[in-house]
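Only one structure is covered here, and it is reproduced in the block below.
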Amino acid sequence: MLNPLAAAPRRARRLDRAIAIAGGAASFSTLAVFGWIVWDLIRLGLPNLSWHFLTGEVETAGRSGGIGPVLVSTLLILLCCLAVAVPLGIGCAVWLSEFVRRGSRASRIVTGGVDLLASVPSIVFGLFGMTFFCQVLGLGFSILSGGLTLACMILPILVRTTLLALEGLPADLRPGAAALGLTRTTTLRQVLLPTALPGILVAITLGVGRALSETAALLFTSGYSTRWPDSLGESGRALSVHIYDLAMNIPNGSPNASASALVLLVLILLINLTATGLTERWTRHLSGTTS
Amino acid sequence: MSRSRTDRFVQWSLGGLAVLSGGLVLLIVVFLLLGAWPTIQSGLLSHLLTDETWRPGSDRDPQFGLLPMLAASFLVTALSIGIAAPFGVAGAVFDRFYLPPGFRRWNHRLLELLAGVPSVVFGFWGLTVLVPAINRLHPPGQSLLAASLVLSLMILPTVALTSQAALRAVPESETLAAAGLGLGRARTIFSIALPAAKSGIGGGILLAVARAIGETMAVVMVCGNIAEFPSSLFDPVRPVTSTIALEMGYASADHKALLYTAGLILVLAVAALVGWLAFRGSKNVPASG
């Protein structure tokens with residue numbers, strides 16, 4: 001495309017080659033370092049990975065045994081988080097997209113608040129969760145406190161991504177539904193939400209990925225217990241916290257920390273691949289309906 | 001369009017959810033302020049900047065010097081951006097102007113996956129692989145250098161992806177016109193594409209700065225956690241976020257209030273960055289459109 005190079009003076013050609021080499025090296029080394037990290041995690045983690053590791057009890061503070069209860073606690077924290085964040089986030093996005101005019105003061109205040117929330121560092125969510133959920137609401141160090149704290153944290157992703165999905169819907173759906181005499185509620189339930197569903201699923205998947213990879217917000221909210229959780233009011237240790245604790249506080253915890261890190265990495269990659277796949281299908285699906 | 005009763009009910013309940021979502025950040029700031037209030041009230045605030053060391057738990061002579069931690073946060077952030085920005089931007093230029101389109105999609109996908117790698121995984125890798133390597137070079141290994149390197153890896157995908165988006169947003173007509181005028185590819189990059197994408201690339205770098213300031217896990221595992229001014233790259237440091245993560249579990253009274261104050265400082269710093277970015281963005285949009 002850009003090829004007047006044949007006529008370019010020699011200096012320009014040399015500069016062009018220098019940029020190509022520097023840029024290529026930067027690109028390649030970025031990917032190579034990440035390849036190195038993944039390889040290290042596989043090398044260190046895979047020998048300790050087994051079915052027994054995934055389902056077994058945590059023994060001797062994590063040095064031996066498995067991560068069964070930790071996985072269950074992680075799942076429960078995630079479910080609590082989604083149970084609160086999904087209705088809140090989708091409700092907020094629907095209101096912003098369907099019930100207020102874009103650029104109006106109400107819409108600007110709410111989106112501004114949500115964007116500010118997105119900028120809050122995760123350790124501060126941890127501080128807030130510990131004060132508000134654990135102490136003020138009296139939930140203590142529990143799976144519920146951890147889930148609620150994470151819900152605050154992933155709320156902005158849910159709102160923003162769902163909003164994108166709703167705003168990306170074909171513009172003629174709304175007047176079309178109104179012309180058929182449908183009420184706004186029916187339009188929403190029967191037309192808009194089903195059409196935007198793939199986009200909303202992307203939002204939820206991204207939120208799950210973010211929640212699963214979070215550690216700092218859970219340090220002082222969900223607790224450190226490694227027993228099988230009996231209820232949501234009990235303390236339970238998330239997988240990411242388990243990795244941190246094994247690596248930092250438990251002598252000789254490193255082998256099992258590697259295996260846990262590998263499990264977390266694989267889970268996150270799978271979730272993010274799902275999100276990418278869903279997004280690509282969603283864009284194709286949309287371009288199909290509009291053309 | 002007539003409004004049924006259900007419509008009004010739905011509108012009000014969704015509005016309630018929206019107000020809750022938008023107001024949550026206020027609730028967080030209020031709780032931080034309440035927690036930090038004892039510091040402000042008892043005049044400890046000045047100690048944060050004047051005390052020389054950090055010994056908040058000591059009964060006889062507690063010292064509340066926050067400066068070494070603020071300096072550590074600043075240094076770690078600046079160094080990691082200094083490493084990540086050239087790599088990210090150079091990679092993005094390569095992606096836009098040299099990489100065949102077929103590879104571009106894969107590059108993009110890979111970077112997106114990398115952006116999602118959990119910070120605790122970076123921290124763990126840093127602790128088990130990078131820190132021993134630095135230790136062989138110059139003990140103790142857990143250091144300003146280790147923290148900056150791990151953090152730069154963490155923010156690199158963000159810088160690369162935002163720079164790519166900014167370069168892709170430069171209209172093809174402009175780069176083609178440059179070619180038509182006989183400018184070489186190198187000249188097109190430096191005189192047309194990079195100046196046009198400057199604002200977008202800068203915005204991406206600022207976002208990465210915000211992320212770096214607030215990052216906890218990747219840093220706390222490799223920085224050494226000693227609250228003193230570092231005198232070299234190989235000295236251990238302790239940024240603000242690590243201090244909160246390490247001490248919140250047992251802090252009480254004044255000490256605890258100080259940690260809330262530290263949290264408040266973090267929130268204000270990041271919010272100021274992001275707010276400025278949004279303001280800049282809203283000013284730029286009408287000018288370019």
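Reminder, nothing fancy here: chain letters follow the sequence lines and each chain counts from 1. Everything quoted here is computed from the prediction, not taken from an experiment.
In this structure, B:L17 CG and A:C92 SG are separated by 8.0 Å, a value rounded to the nearest 0.5 Å. With rounding to the nearest 0.5 angstrom, the CG atom of B:L153 is 5.0 Å from the CD1 atom of A:I37.
Residue B:T128 touches chain A through its side chain alone, counting heavy-atom pairs closer than 4.5 Å. No part of B:L149 comes within reach of chain A, as not one of its non-hydrogen atoms sits under 4.5 angstrom from that chain. Contact of B:F87 with chain A is made through backbone and side chain together, with heavy-atom distances under 4.5 Å. Interface remark: B:T216 contributes side-chain atoms only to the contact with chain A (heavy atom separation under 4.5 Å). For B:V29, no part lies under 4.5 angstrom from a heavy atom of chain A. If you measure heavy-atom distances from B:M217 to chain A, the contacts under 4.5 Å come from the side chain alone. Interface remark: B:I28 contributes backbone and side-chain atoms alike to the contact with chain A (heavy atom separation under 4.5 Å). Residue B:I244 touches chain A through both its backbone and its side chain, counting heavy-atom pairs closer than 4.5 Å. With a 4.5 angstrom heavy-atom cutoff, B:A210 does not touch chain A via any of its atoms. Contact annotation for A:V241: neither backbone nor side-chain heavy atoms come within less than 4.5 Å of a heavy atom of chain B. Residue A:L88 touches chain B through both its backbone and its side chain, counting heavy-atom pairs closer than 4.5 Å. Heavy atoms closer than 4.5 Å to chain B are found in both the backbone and the side chain of A:F99. Of the two parts of B:F9, neither the backbone nor the side chain holds a non-hydrogen atom closer than 4.5 Å to a non-hydrogen atom of chain A. Using a 4.5 Å cut-off between heavy atoms, A:L219 contacts chain B through its side chain alone, with no backbone atom that close. Looking at B:R211, there are no atoms closer than 4.5 Å to chain A (heavy atoms on both sides), in backbone or side chain. For B:L99, no part sits under 4.5 Å from any heavy atom of chain A, backbone or side chain.
Contacts of A:S258 classified as side-chain contact (heavy atoms from CB on, under 4.5 Å), with partners at least two apart in sequence or in another chain: A:L44, A:S254, B:F124.
For a heavy-atom cut-off of 4.5 Å, chain B lies close to A:I123, A:V124, A:F125, A:L127, A:F128, A:M130 in residues 123-130 of chain A.
A ring-ring contact (aromatic ring centres under 6.0 Å, His included) with B:W125 is found for exactly one of A:W39, A:W36, A:F34, namely A:W36.
The minimum heavy-atom distance between A:W95 and B:A18, with the atom names listed, is CE3-CB, 3.2 Å.
Considering only heavy-atom pairs separated by less than 4.5 Å from chain A, the leading option among B:A245, B:G88, B:A271, B:G263 is B:A245. Taking chain B as the reference chain and counting heavy-atom pairs below 4.5 Å, the highest number among A:S122, A:A275, A:C152, A:G209 is found for A:C152. The choice from B:G23, B:G16, B:G35, B:G91 that makes the most heavy-atom pairs within less than 4.5 Å of chain A is B:G91.
In this structure a side-chain-to-backbone donor-acceptor pair under 3.5 Å is missing from A:D16 to B:R185.
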